[in-house]
Every structure is written in structure tokens, then in C-alpha cells.
Amino acid sequence: MAESNEFDVVIVGAGFSGVYQLIRLREEGFKVHLLEASGGLGGIWQWNCYPGARVDTHCEIYQFSRKELWAGWRWTERFPGWSEMRAYFDYVGKKMDLLKDVSLNCRLSKARYNENTDNWELEVDTGSKMSAKFIVICTGFASKPYIPKLDGMELFEGDAHHTALWPQDGLDLKEKRVAVIGTGASGIQVAQEAALVSKHLTVFQRTPNMYLPMGQKDYGPKENERMKEELPGRFKRRGECFGGFDFDFIPTSGADVSDVEREETYEKLWQAGGFNFWLGTYHDVFTDEKVNRTAYEFWKKKTRERIKDKDLAQKLAPSEPPHPYAVKRPSLEQWYFDIFNYENTELVSLRDEPIVKMTKSGIVTSEREYEFDMVVFATGFDAVTGGLTNIDITDTDGNTLGERWSDGVRTHLGLATSKFPNMLMGYGPQAPTGFCNGPSSAEYQGECIIELLLYIRDKKFSRFETEESFENIWREKIVEIADQTLFPKADSWYMGANIPGKKKEMLMYPGGLPKYLEEFRQCAAHQFEGFKCS
Ligand code: N01
């Protein structure tokens with residue numbers, strides 16, 4: 001902890017966003033400190049250490065774009081695993097000498113705004129207190145794990161863990177009878193590994209997920225050298241692409257090409273691996289149901305080729321899609337569909353046999369009783385807002401963020417929310433966030449935060465607050481764009497619909513990174529309208 005406990009800015013969370021803020025704010029001469037609940041830098045990569053946890057954005061653009069950082073780092077895989085991501089963040093921390101301004105194992109436990117001093121008074125769970133003129137919350141979109149409440153779960157005598165709360169010392173799956181509940185990105189990664197070593201693996205699937213082929217590759221010196229030549233161009237491209245990737249949608253409508261041409265395009269995107277078949281396809285895949293269906297049919301054909309058993313094929317890749325293609329975030333698989341051809345692996349469709357309860361030895365469904373040594377909850381997160389509403393922070397009327405947003409999230413540009421003066425959010429609600437590559441969001445949206453803070457400092461303001469009328473406009477824009485898409489047709493975490501009781505609404509800005517940046521530019525060009533400064 002720094003000598004004085006009074007800061008210009010306190011950042012919460014040391015993922016890509018928080019670390020970027022720390023580097024940049026320090027460069028701009030702010031007195032800044034970062035609080036991080038885990039034991040190291042890297043955000044989600046400190047928590048996600050379950051077997052198989054790996055990033056599903058190619059490493060070329062899943063890193064900071066500063067040359068001083070990428071020039072001295074080598075990746076070993078196109079899609080690196082969690083331990084490599086941790087090593088990368090250790091490298092960044094050392095290279096930029098970050099830790100002197102970071103408190104690790106230190107969770108923000110309480111935050112109150114003092115109207116007399118225009119300062120945030122902060123308490124952390126180690127008992128320390130500090131104050132800051134501004135706080136920047138960078139807790140990420142997946143920092144509040146969600147575990148469904150199952151009858152009898154407290155009786156279970158084996159190991160039971162959520163993927164994001166995995167024991168740091170690891171857990172041996174070898175020769176265990178393992179259950180995986182949930183088949184999103186986390187669920188399939190852990191299932192792929194469990195299938196290789198466990199005695200028996202049971203995957204409990206509620207909704208079939210449209211997994212895409214990862215296209216994993218080893219990266220040696222040659223690949224790293226080539227990468228470095230390409231990086232400046234790739235980084236530049238990110239700000240021009242919808243998802244902050246180095247590729248974008250095809251501007252042609254998927255309805256305006258012949259079946260043969262479409263099929264060839266899909267095949268090329270499929271072979272490219274990663275998210276190409278998601279964010280590099282026809283631009284109207286998320287707005288035109290017919291085009292969307294062609295993508296689903298292609299996906300289904302490819303997937304079914306890999307599954308021998310017809311019943312299983314119907315469960316994993318049904319004739320009729322459970323929702324439009326890819327309006328829930330697709331996950332990248334390596335050998336997921338193959339595991340169901342292994343003798344030790346079975347799939348239970350929760351649509352056919354829902355879980356009734358847990359017992360001391362396993363799980364009881366409507367059809368039968370299963371015994372397990374280990375139950376893995378890969379059931380996702382109270383995404384996007386959960387990391388914020390989880391903090392004991394109140395507005396100037398004494399209401400929590402959860403109370404303020406109970407009838408819907410309201411922010412101005414996803415950067416700040418009214419009645420929480422001098423508080424900014426990075427990679428949070430109503431910003432590109434989950435529709436954007438994390439490091440791209442950290443840097444591009446991060447620069448919006450820096451620019452606003454510099455403006456406030458230059459003008460010698462001591463306080464800013466967003467205006468509710470501008471929040472309403474921003475919300476309406478988000479709803480309007482979302483309503484033109486197929487996203488509202490799925491109960492996804494994008495829509496807040498994965499958590500029982502949570503309001504269903506588009507939680508992020510669905511217009512893409514370039515449009516978001518344009519909105520910010522407009523705001524900045526008009527003296528940051530909507531941010532009332534005094
Ligand atoms: O969580 P999810 P995740 N009973 O919400 C099921 C990022 N991420 O941790 O689809 C039974 O996607 C739920 O079923 P359904 C990435 O952005 C990235 O996997 O709602 N099942 C679903 O199958 C990702 O999108 C990486 O019907 C229940 C699963 O649990 C985001 O984090 C790695 C249930 C949850 O899937 C979240 O991914 C990991 C219940 N009561 C995560 N409740 C990489 O970069 C929920 N489910 C690689």
C-alpha cells in the first residue's frame with residue numbers, strides 16, 4: 001500500500017481494463033492505486049484455473065497493444081491457457097513496475113461518497129481505509145459466479161465447485177466420477193479435460209450451445225516472429241471492427257449470394273477457426289432470420305458429422321435451433337463433440353430429465369439417481385452488472401446500485417451512472433463489453449475514461465455526475481438497436497436472462513465498437529454533454 005491513503009483515482013479490479021487504467025493514469029500524472037481481490041494481476045485468469053480453462057480469442061489481439069510489452073513476449077499457443085495468461089500478466093506487472101501501486105488480496109468492501117469533500121471514502125476487507133477523488137470500477141463482466149440453488153446441495157459429500165471458484169491448488173479429476181452442470185464456454189472446457197482422465201463423466205446440458213472449432217495451434221519462434229510483423233496492423237484494425245477483433249463482418253447480405261457462394265464462404269470461415277464463423281460472417285446474420293438459419297444449418301451439418309449416435313446428435317445439434325444461431329455467445333471447442341464417443345462420457349439433457357435434487361452421493365433427476373465424487377458448476381455468472389451490484393456502494397441518496405438499477409440499467413455511454421458522482425466504469429454495462437474483445441475494450445473504452453478525467457482535471461472541476469435525461473437517451477438507443485436484432489430471442493447473459501429474477505434487458509451496447517467510439521467522440525466534442533461538471 002502506498003504511504004498516503006489519499007488518491008486522485010482508485011481503480012477496482014486488475015484485469016485488462018484495470019491494469020490499462022493503472023498504466024495510463026500513472027503516465028498522465030494521476031496519483032493512482034489499484035485494489036484487486038485475488039492474489040495477482042489478470043482478473044478472470046486468477047479465478048478461472050479449472051482444468052482446460054483457456055482464452056477463446058487468438059493471442060495476437062488478446063494482449064496489450066503497447067510495443068514495449070508485445071516486443072518482449074512470446075506466446076506458445078494461438079489460444080493460450082490460464083497459466084500462460086497469468087505468466088503474461090506477471091510479465092506485464094514487472095515490465096511496467098505496477099505492483100508498487102497495487103494492493104493484492106484486497107477487496108473493496110464499502111464505498112461512500114462524501115458530498116462535503118467531493119471524495120469517495122473507501123474501505124477494504126483488510127480493514128484499511130482510503131479516499132479517492134475518482135473511482136474507476138473495472139470488475140469485468142464475469143466476476144460474480146452464479147450457482148443455482150438445488151434442493152439438498154448442502155448434503156453432497158464430494159467436491160463441488162463453480163468453475164470460477166476453483167481451488168488454486170487444483171483438483172485431480174483422475175479416476176473420479178465427475179458431473180459437469182452447464183455447457184457454456186467454461187463447461188465444455190472442463191468437460192473436454194475430464195473426459196480424458198475421469199472414471200466417468202456426466203455432462204448435464206440444458207440448452208445446446210453452438211460451439212465453433214477453436215483451431216488451436218502451437219506457436220513457436222517462427223509464428224511469434226511473423227506475429228510481431230503483423231501486430232501494428234492488427235491492433236489498428238481492432239478499432240474499426242464491430243467486436244474489436246482484427247476481422248469484421250462481410251458487408252454483403254447473406255441473402256444476396258447464391259447457395260453455393262454462401263456455402264463456400266461458411267466453409268472458409270469454419271476452417272479459419274476461432275470466432276470467424278461468428279463475427280466474420282454476413283453482416284445480417286444477427287438481424288435476418290433467414291440468413292441466420294443458413295448459418296445454423298451449416299453449423300448443424302458440420303457438427304453432426306462428428307457425432308455417431310443419432311439420438312445424441314439430436315440433443316447436441318437439434319433439427320430445430322433452440323434459439324437463433326449465435327445470439328448466445330458461442331464457445332470454442334477442441335474435442336468436445338468427440339468426448340461423447342468415449343465410453344466413459346454421457347450426456348444428460350435437462351430438457352428431458354430435469355434435476356430434482358442433490359443428495360450426499362450425487363444428483364437425482366426426474367429419471368434416475370447418479371453418483372458422483374465431484375460436481376462442477378459451470379453455470380455462469382450474474383454477468384455484466386453482478387460485479388458492480390455486488391459491491392457495497394451507495395449513491396448520494398443512500399441507495400445501492402442494485403436498487404438504482406432494479407427497473408433497468410441506466411448509464412451515460414456505459415461510463416458512469418447518475419447519483420454516483422466521480423465514479424466511472426470500464427468494461428461494464430451499456431458499453432461494448434461482452435460484444436467486444438476484452439483487451440480492445442480495455443484500451444479503446446479505457447481511453448474514453450482517460451480523456452474524460454483529463455478534461456475534468458484541466459478544467460479544474462472537482463465533481464462530475466451524469467444527467468438522467470442523457471441516460472434515458474442512451475438506454476433508448478440500446479433498446480432500439482437490440483430490437484432490430486435477434487439477440488432478444490434468447491435467454492442469454494447478454495440479455496440478463498440467465499439469472500432467475502433479473503430484469504431481461506440488453507445489458508451491453510450492441511452497435512459495435514466503432515459506433516460506440518463515434519458516440520463518445522460526439523459527446524466529447526460537445527464539452528462532454530451529459531456529464532454535469534462542477
Ligand atoms: O457461463 P454461461 P460460462 N441448471 O452462462 C447452464 C466467458 N468465458 O462460464 O444455456 C442447469 O455461458 C446454462 O444453460 P442455459 C465467455 O464470454 C470465457 O460458460 O442457460 N444448467 C449454460 O449452459 C462466456 O460466454 C472463457 O440453458 C444451468 C451454462 O450453465 C462467459 O464467460 C472461458 C443452470 C452457463 O453458461 C460465461 O461462460 C469461460 C441450471 N440451473 C468463460 N443455470 C474463455 O475465454 C445455468 N445453466 C475461454
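One is the number of the first residue; the rest follow in order along the sequence. First listed ligand is number 1; within each ligand, the first listed atom is number 1.
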Donor-acceptor pair, distance only, cut-off 3.5 Å: does the side chain of Q445 make one with the backbone of Y427?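 Yes: the side chain of Q445 pairs with the backbone of Y427.
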Under a 4.0 Å threshold between the charged nitrogen and the carboxylate oxygen, would E371 count as salt-bridged to R177?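 E371 and R177: salt-bridged.
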Tabulate distances under 3.5 Å between N/O atoms of ligand 1 and N/O atoms of the protein, writing both atom names on each line.
{"unit_1": "ligand 1", "atom_1": "9 (O)", "unit_2": "S186", "atom_2": "OG", "d": "2.6"}
{"unit_1": "ligand 1", "atom_1": "10 (O)", "unit_2": "K328", "atom_2": "NZ", "d": "2.7"}
{"unit_1": "ligand 1", "atom_1": "17 (O)", "unit_2": "R329", "atom_2": "NE", "d": "2.9"}
{"unit_1": "ligand 1", "atom_1": "19 (O)", "unit_2": "A185", "atom_2": "N", "d": "2.9"}
{"unit_1": "ligand 1", "atom_1": "19 (O)", "unit_2": "S186", "atom_2": "N", "d": "2.9"}
{"unit_1": "ligand 1", "atom_1": "19 (O)", "unit_2": "S186", "atom_2": "OG", "d": "3.3"}
{"unit_1": "ligand 1", "atom_1": "20 (O)", "unit_2": "R206", "atom_2": "NH2", "d": "2.9"}
{"unit_1": "ligand 1", "atom_1": "23 (O)", "unit_2": "T183", "atom_2": "N", "d": "2.9"}
{"unit_1": "ligand 1", "atom_1": "25 (O)", "unit_2": "W493", "atom_2": "NE1", "d": "3.1"}
{"unit_1": "ligand 1", "atom_1": "27 (O)", "unit_2": "R206", "atom_2": "NE", "d": "2.8"}
{"unit_1": "ligand 1", "atom_1": "27 (O)", "unit_2": "T207", "atom_2": "OG1", "d": "2.5"}
{"unit_1": "ligand 1", "atom_1": "30 (O)", "unit_2": "A378", "atom_2": "O", "d": "3.2"}
{"unit_1": "ligand 1", "atom_1": "45 (O)", "unit_2": "D56", "atom_2": "N", "d": "3.3"}
{"unit_1": "ligand 1", "atom_1": "45 (O)", "unit_2": "D56", "atom_2": "OD1", "d": "3.1"}

Donor-acceptor pairs are to be reported for all side-chain atoms of residues 357-364 against protein atoms at under 3.5 Å, with residues two or more places apart or in another chain.
{"unit_1": "T359", "atom_1": "OG1", "unit_2": "S361", "atom_2": "N", "d": "3.2"}
{"unit_1": "T359", "atom_1": "OG1", "unit_2": "G362", "atom_2": "N", "d": "3.1"}

How would you list, by chain and number, every residue that makes a salt bridge (charged side-chain N to carboxylate O under 4.0 Å, His left out) with E77, sequence neighbours excluded?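 E77 satisfies salt bridge (charged side-chain N to carboxylate O under 4.0 Å, His left out) with R54 only.
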Pair F79 + Y62: ring centers closer than 6.0 Å: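 No, the ring of F79 stays outside the 6.0 Å limit from the ring of Y62, centre to centre.
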The criterion is side chain to side chain contact (heavy atoms under 4.5 Å, CB included); which residues satisfy it with K489, sequence neighbours excluded?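 Side chain to side chain contact (heavy atoms under 4.5 Å, CB included) check on K489 returns E289, P324, L486.
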